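Numbering starts at 1 and runs along the sequence shown. This structure is a prediction, so every number in the text was calculated from the model and none was measured.
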Amino acid sequence: MTGLLVPFREIVLKVHSRCDLACDHCYVYEHADQSWRTRPKTISDEAVSWTAQRLAEHAVTHALPSVSVILHGGEPLLAGPARLRHVCEELTSALNGIAALDLRIHTNGLQLSPRYLDLFDEFGVKVGISLDGDRTANDRHRRFADGRTSHPLVLRAVDLLRQERYRHLNLGLLCTVDIRNDPHAVFDALAELEPPLIDFLLPHATWEQPPPRPDGSPTAYADWLLSIFDRWTEQGRPMPVRFFSSVLSTLSGGPSLTGYLGLAPTDLVVVETDGQLEQVDSLKSAYEGAASTGFDVFTHTFDEVAAHPGVRARQLELAGVSETCRRCPVVRSCGGGLYTHRYRSDSGFDNPSVYCADLEALVHGIEARTAAETKSAAVAEPHELIAAQQDLTRTLLARLHADLDGRGGERWHEAWELVQTLDRTEAGAGGLDSVLAHPYTRTWLLDALDAVCEERPGAERSATLRLSSSVAAAAVRAGLERDVPVAYRDGSIFLPTLGELRIGGPGKHGVALVRATDDGFLIRPGGHATERRIVRTSTEDCGWLPVRRVGGGGAPRFVLDDLDPYRDCFGTPVASRLGQSEAGAWSAGLAEAWERLTAVVPELAAEMADSLIALTPLTSTGHPAVGRHGYGALGLGVYTNAEELALGLLRGFRRAKLKALADVTDLYASDGAWDHRTPWQEDSVPFSRLLSSTYERVGLGLFSPRFMEGVPQALETLESAAELTIDGKQLLTAVRMEVSGPHASREEQLQDRV
């Protein structure tokens, strides 16, 4: 087994190995592994000291910023306040100055008192309490050995934690599922206590000892949990429920939030009361010695345990689940289930979970219930995608301001104040939005953020230069009649979306004043330079280079951006400023290509007209380029005829749109974990490449059917892939509608044209 070690970030420290309850579903005392019988009741000072030392060494070795230690049992409170204080002191002292220490304790709550809570407050120990619901549910398993109920004492403990002085220590409630209990009664009883978190745990079971299913249903546990999910939703989801939050996270492309689900590698080790180092506790349900490693804190490091084959097997992510699970589309959410629950005596842990059908039904059930609310409108509505992109640009601008933290100086401060001033009026906000929407604003922001983060020389000055010119352009567009200072260098003032004025040779720096007028704007360079009046209809003269538009004759008027210094972001050389005749040729070619697009794919042409802003000439020929910029720009090379240009615009637009969607939502997750065969080549590729090539081919295929070859097979592969998120599925549904919608009826016409 190869690969880097995954360091332990969570330690379960068994401070007491006995319990004051006799829960009949307890994996420590009632399941296959009975090693508790030979262990000391209470952890020794020596074992505590060595654990603290090993943990500190591990944190240093792996530069861990924080570690979590869970005080556990048995019942950890039976160790007593003095012993628990010693444990907290040893751990706190050992980790001081090395890593932040997150201390927790999981308890049945019977012994909890202000004395314990004052101790926990002193060391910041968060408290999680086990409670299986209302009294009927809790009494089903969680009783004293003589059969007495524990419910009133647990409620007393929860009430203590709800007091104002201890509320910050409340970690939440842990509830073990029993499908014989009324799910609504269980949830209502837990929710009434207003915990900060509820954690539902499936009862530990294996294929050798399957979970009880009184009605024989293979999805009984999913049905029970989904009933609670519905109740939770009806009540407005008053607190997080970790099981549900984890599924919702993975469905949207995020990480798993619990070790019970998801593919994240395990990072937990258990220290028993005798100092033995073991794997996760739940393995005690599989067979005698299943959790054993043969290591202890006295003679072994945590790294040695991390290299143990049993531990490594739970760190393999997708490779660590069974072949059946690897092919399952919900594996990102369920992760193959808890490792213990996969055990079968003849095949070990290389099986799906004994709760497999439940987990699949649970994931699909939550997805069906929440898809409408969690879908991003940007996937379905082009105008929403444009709005989401604008929100992202504004967010990046605010982040740049925060990252500069005053280092931009007076010029940045002046420009930032003008941003706020512009945003206070409708006209001002419109002018600012028009500049921020320009795709190369995004390029500038991303470059500036990188430069500031990396502390490159001149980063603050470059950021200030572009912001001042951007707000000046926004003020002009808004008709704001006030002088706006604009820093310039190398004898050139560039106003994004408007144009560039040459006022001197290379090396000339200074500050100009820009003011809007009724018919354009004034630029006063300062010094001995002459004031320039620019009207909206100004053409190239006396150093003024306006941003031009191309198109017309039925085609939209796109910006022909061959000026913006941030346009060089395509990974291929951009052309210099075009001459008038070259720009005219662009317009003519675009008009002819657009006539073909509107005739064959009018819906796509209309969307392109609304979404594309700038076309930048490239020196290359062939495919269009999509670079490191915001939505709305394409780099286009030289095309020999209108048909090629039409296909180039389609190809570039599909690439740009998919990139824009990926900017604002997760369409897939775990990219590269699986390889997928492509119908149009022999290679196996990651999901992202298959999605991008299929999405592009569909756009081209609507114009020319020859590109549709292999698309149906590719869509089937994509739709069954585990990488898909809810928004990814929404996108593929839209693509399916494109393939089978109005365009399909034109196939014969398209074939004739080809």
With rounding to the nearest 0.5 angstrom, report the CG to CG distance, Leu658 to Leu731. 6.5 Å

Compare all side-chain heavy atoms of Phe707 with those of Arg651 and state whether any distance is below 4.5 angstrom. yes

Can you find a side-chain donor-acceptor pair between Ser322 and Arg342 that sits under 3.5 Å? no

Mark yes or no for whether Arg548, through its side chain, and Leu578, through its backbone, hold a donor-acceptor pair below 3.5 Å. yes

Verify whether one side chain among Thr725 and Ser252 offers a donor that lies under 3.5 Å from an acceptor in the other. no

Asp727 side, atom CG; Asp666 side, atom CG - distance, nearest 0.5 Å: 8.5 Å

Does Thr619 reach the side chain of Val574, with side-chain heavy atoms less than 4.5 Å apart? no

Distance-only polar pair, side chains of Glu723 and His676, donor-acceptor under 3.5 Å: yes

Ring centre gap for Phe243 and Phe200 strictly below 6.0 Å: no

Atom CG in Leu436, atom OG in Ser470: separation rounded to 0.5 Å? 7.5 Å

Under 3.5 Å: donor-acceptor pair, side chain of Asp423, backbone of Gly428: no

Can you tell if the side chain of Ser720 reaches within under 4.5 Å of the side chain of Glu716, non-hydrogen atoms only? no

side-chain contact (heavy atoms from CB on, under 4.5 Å) between Thr441 and Leu397, worked out: CA-CA 9 Å; Thr441 297; Leu397 179 59; over 6 Å; no

Answer yes or no: is there a side-chain heavy-atom contact under 4.5 Å between Tyr440 and Thr616? yes

All heavy atoms of Pro439 vs all of Gly632, minimum pair found to be CG-C, 3.5 Å

Within the supplied structure, the quantity of interest is the number of heavy atoms (other residues, nucleotides, ligands) at a distance under 6.0 Å from Glu709 CD; does it exceed 12? no

Within a strict 4.5 Å, meaning less than it, do heavy atoms of the Phe703 and Glu643 side chains meet? yes

Counting distance only, does the side-chain N/O of Thr233 pair as donor-acceptor with the main-chain N or O of Phe229 below 3.5 Å? yes

Output yes when a side-chain donor or acceptor of Thr395 lies under 3.5 Å from a complementary backbone atom of Asp391, and no otherwise. yes

Donor-acceptor pair, side chain of Ser249 and main chain of Pro255, under 3.5 angstrom: yes

Just checking Gln681: does its CD atom have more than 12 heavy atoms from other residues, nucleotides or ligands closer to it than 6.0 angstrom? yes

Between Leu690 and Tyr668, is any pair of side-chain heavy atoms under 4.5 Å apart? no

Quick one: are Asp230 and Phe187 in side-chain contact, heavy atoms under 4.5 Å? no

Qualifying salt bridge (charged side-chain N to carboxylate O under 4.0 Å, His left out) pairs, either residue in residues 238-249, two or more places apart: Asp199-Arg242

Should we count CZ of Arg736 as having more than 12 external heavy atoms under 6.0 Å? yes

Using modelled atom types only, decide if a donor and an acceptor are shared between the side chain of Ser704 and the backbone of Gly701 within a distance under 3.5 Å. no

When the ring planes of Phe244 and Trp232 are compared, do they come out parallel, tilted or perpendicular, using 30° and 60° as the limits? tilted

Side chain of Gln389, backbone of Ala660: donor and acceptor closer than 3.5 Å? yes

Evaluate Leu645 against Arg596 for side-chain contact (heavy atoms from CB on, under 4.5 Å), listing each step before the verdict. CA-CA 10 Å; Leu645 180 54; Arg596 300 189 179 213; over 6 Å; no

Heavy-atom donor-acceptor pair, Arg9 side chain to Asp267 backbone, under 3.5 Å: no

If a pair satisfies salt bridge (charged side-chain N to carboxylate O under 4.0 Å, His left out) and one of its residues is in residues 429-452, list it, with sequence neighbours excluded. Arg394-Asp433, Arg442-Asp663, Asp447-Arg628, Asp450-Arg628

Looking only at heavy atoms, what is the nearest atom pair of Leu702 and Glu738, with distance? CD2-O, 3.6 Å

Would you call Arg689 and Asp675 a salt bridge, taking side-chain N to carboxylate O under 4.0 Å as the test? no

Which atom pair, heavy atoms only, marks the closest approach of Leu362 to Ala222? N-CB, 3.8 Å

Here's a test for you: under side chain to side chain contact (heavy atoms under 4.5 Å, CB included), which of Leu261, Thr219, Leu225, Val247 qualifies with Leu359? Leu261

Less than 3.5 Å apart, any donor N or O on the side chain of Tyr260 or Ser246 sitting next to an acceptor on the other? no

Point-to-point distance, once rounded to the nearest 0.5 Å, from CG of Leu449 to CG of Leu404: 8.5 Å

More than 12 heavy atoms of other groups within 6.0 Å of Glu367 CD: yes

Under 6.0 Å between the ring centres of Tyr221 and Trp224? no

Identified side chain to side chain contact (heavy atoms under 4.5 Å, CB included) counterpart of Leu691 within the set Asp671, Leu718, Thr717: Leu718

Given side-chain contact (heavy atoms from CB on, under 4.5 Å), test Tyr631 with Lys659 step by step and report yes or no. CA-CA 8 Å; Tyr631 190 32; Lys659 174 183 176 294; over 6 Å; no

Answer yes or no: is there a side-chain heavy-atom contact under 4.5 Å between Ser434 and Thr497? no

Spell out, as yes or no, whether a donor-acceptor pair under 3.5 Å connects the side chain of Asn351 to the backbone of Ser353. no

Taking 4.0 angstrom as the limit, do Glu696 and Arg654 come out as a salt bridge? no

CG on Asp568 to CG on Leu618, rounded to 0.5 Å: 9.5 Å

Distance, nearest 0.5 Å, that separates CE of Met608 from CG of Leu597: 4.5 Å

Before you tell me yes or no, could you show the steps for Leu263 and Thr250 under side-chain contact (heavy atoms from CB on, under 4.5 Å), namely the whole-Å CA-CA distance, both residues' side-chain angles and the distance that decides it to 0.1 Å? CA-CA 10 Å; Leu263 293 169; Thr250 53; over 6 Å; no

How close do Val452 and Leu400 get, heavy atom to heavy atom, and via which atoms? CG2-CD1, 4.0 Å

Ala614 to His438 - nearest heavy-atom pair and separation: CB-CE1, 3.9 Å

Looking at every heavy atom in both Pro183 and Ser227, which two are closest together, and how far apart are they? CG-OG, 3.7 Å

